[in-house]
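Encoded as structure tokens, the structure appears first; notes follow it.
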Amino acid sequence: MLTYIARRLLFLPVVLIGVTLLVFVAMSLLSPYQLVSTYIKSPEELKNQSLDDLVRKYGLDQPAHVRYMNWMKNLFRGDLGYSVSASMPVKEAIARRFPATIELALFAVIPVVFGGIWLGTISAKNYNKPLDHLSRTFAIIGWSLPDFVFGLILLMVFYGVLGWFPPGRLSMWADTVVLTGDFVRYTGMNTVDSLLNGRPDIFWDAVRHLIAPVITLAYLWWAYLLRITRSSMLEVMNKDYVRTARAKGLTEKVVANRHIRRNAMIPVATVSGSMVLGLLGGVVIVETVFDYKGIGLLTATGAQQLDYTLILGTTLFYGMLLVLINLVVDLLYAVIDPRVRLE
Amino acid sequence: MVMKKLLRNPLSMIGLILLLGFVLVAIFAPWIAPTPENNKNDPFRVPRYGWGSNPEPPSKAHPMGLTQGKYDIFYGIVWGTRTAFQVGLIVTGLACLVGVIIGSTSAYIGGKFDEVVMRFVDVFMSFPFLIAAIVITAILGRGLDKVIFALVIFRWTGYARLIRGSVLQVKEEEYVMAARAGGVSHPKIVTRHVLPNTIFPVLIQASMNMGSIVVTASTLSFLGLGAPEGYADWGQMISFARNWILGTPDNPLTYWYTVIWPGLAIVLFVLSWNLIGDAFRDIMDPRIQG
């Protein structure tokens, strides 16, 4: 196990360099004048200097490898430039918005994983029976519903008509409370902070705002997980060791949970990496639809206003985050399937 | 044989009928929604009827109503079918082509070269597809051609990996060895002997990806990064609906038609591909048949 972890960690810098190179190539598609904006630290710098001066100052007229090294030096210092659309440094904008996205993702992951696996198990157990057809139809509709369409319809019904799940992160009154000095922001996540501050009313308000985005994110991925759980359960069910387990008189419950489900989870763990990728992408749309102020909305507004500094900064951030998440997923994978460690 | 099974399964049957419907709409678009005289040379531009931005409910002249900016929804949906097919087919075609060329060459040459190419593919695949597409379109600027480019750049890797796996197996087969011993040139071996025996799974995968490609393209339009304003595109039609989704205080559903019609078009289009793809997968998956 230790060598496995060590090997994964050694591979980490290679992927990180790959990610930075990719972002850098994307950057090189911009002209030096457009790029200057990604280097300026505050609007003050634009005074008394022409664009040509700035291009020279930041070495944007240099050959590519020199520019790459300079850019990397800035990155190591944590300097991602100044964002015009957010009117603050990119680093700060990301730090402020990130807790919101983490909160959304955490609330989404649990229903997605458990719901998806549960549906897949039901489908497989009732293979080709009405219940199987029903849950597959449910799933395939979800798989075909683009998240922005589904989100808008949820918004129309559950906010417009019923008034249950409003957009945004908090209601106006709760927002005022949160912004006052008495309310301590421990984590930036509204649900956690409100509990730590002993404000169940704000907690409930935050949850109310999370429900519709979470459903939107979850529906699509239920379908995906259902599909994978179902087919791998079906495969495992016909295995010899399952028959042996039944033959030696184990109860159906033990066979299902210990022998079938455990082995069927291996392919599910394999796709969890790509699921995280998809969830992070989905967050951009869901946050835009529900006006939920996290990193996704930040990226989307940045892209609409052609704020290159912000787009490149958040992309890099996404890249780094994903590399780390993939690492965790791989480690979990090794825990679930011992054979992986021996490779 | 495969076709027969597709026709016997009720779900894939629905998918095929829906798809056929969309093909017909795309082909007969000029007759279903005739282009008004004043923009005959640019049929993909959705005609506007009147000034102001308020949507207008369905009427005799405009069966699905007018959306924000008085764009005709029915016209946009009919011609948007052509856009959807164009984007889907071009992106899938190009991504397949690039993926097959790179993947098969990499596997056929093998060794260090293969190793490097695959690490390269890994880096591409480690980015969330949608975010990568957002970055590329934001940098290159608005337009459908840029959307297509961005989608191809981040879609070929899946096909490259898929075909690489099959080529690695097939290249050790005796008929390939025989061809090599017989002095057949490498490009000829790949195109004549290796690819015909490995391309089938890629084509199936491609047909199953059509739906998700059209969704991503319309997502970009929804975010305002896709087709230019007024171009017949389903994603954009839905982005027009965003400001009207809550209706008026006394009737929250006043503007239902701005989101329901274009939403239905996308959902049914994607659903048709997914129904067919799902049935395909079940037919092709021998594990489940046992």
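Within every chain, numbering begins at 1; the chains are lettered A, B, ... in the order of the sequence lines, protein sequences first and strands thereafter.
Taking a 6.0 Å sphere around CH2 of Trp261(B), one finds it holds 12 or fewer heavy atoms contributed by other residues, nucleotides or ligands. Counting heavy atoms of neighbouring residues, nucleotides and ligands inside a 6.0 Å radius, atom OH of Tyr68(A) exceeds 12 of them. Heavy-atom contacts from other residues, nucleotides or ligands closer than 6.0 Å to CZ of Phe74(B) number more than 12. For Phe317(A), the CZ atom counts as densely surrounded, since its 6.0 Å shell holds more than 12 non-hydrogen atoms of other residues, nucleotides or ligands.
Counting heavy atoms from C-beta outward, Thr219(B) and Val284(A) have side chains that stay 4.5 Å or more apart.
Of the two parts of Ile139(B), the backbone and the side chain both hold a non-hydrogen atom closer than 4.5 Å to a non-hydrogen atom of chain A. With a threshold of 4.5 angstrom between heavy atoms, Phe222(B) approaches chain A through side-chain atoms but not through N, CA, C or O. Heavy-atom distances place no part of Ser272(B) under 4.5 Å from chain A, backbone and side chain included. When heavy atoms are compared at a cutoff of 4.5 Å, Leu140(B) approaches chain A solely by way of its side chain, counted from C-beta outward.
In this structure, CG on Leu155(A) lies 9.5 Å from CZ on Arg242(B), to the nearest 0.5 angstrom. Between atom CD1 of residue Ile131(B) and atom OG1 of residue Thr314(A) there is a gap of 7.5 Å, rounded to the nearest 0.5 Å. In this structure, the separation between OG on Ser144(A) and CD1 on Ile266(B) is 11.5 Å, given to the nearest 0.5 Å.
When the candidates Ile285(A), Leu21(A), Val157(A) are compared by the number of heavy-atom contacts under 4.5 Å with chain B, Ile285(A) comes out ahead. Chain A forms the most heavy-atom pairs under 4.5 Å with one residue out of Asn274(B), Leu130(B), Leu275(B), Val270(B), and that residue is Asn274(B). Your options are Met237(A), Arg227(A), His133(A), and the one with the most heavy-atom pairs under 4.5 Å with chain B is Arg227(A). Options Gly211(B), Pro262(B), Ser218(B) differ in how many heavy-atom pairs under 4.5 Å they form with chain A, and the most are formed by Ser218(B).
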Item to complete: Please step through side-chain contact (heavy atoms from CB on, under 4.5 Å) for the pair Phe148(A) and Ser239(B), ending with a clear verdict.
Response: CA-CA 9 Å; Phe148(A) 59 97; Ser239(B) 82; over 6 Å; no
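With Leu152(A) as the partner, the side-chain contact (heavy atoms from CB on, under 4.5 Å) test is satisfied by one option alone out of Thr258(B), Val259(B), Ile260(B): Val259(B).
A pairwise comparison of heavy atoms in Val149(A) and Ile238(B) identifies CG2-CD1, 3.4 Å as the closest pair. Across all non-hydrogen atoms, the minimal contact from Leu271(B) to Ile141(A) is CD1-CA, 4.3 Å. In this structure, Leu225(B) and Ala303(A) approach most closely via the heavy-atom pair CD2-O, 3.7 Å.
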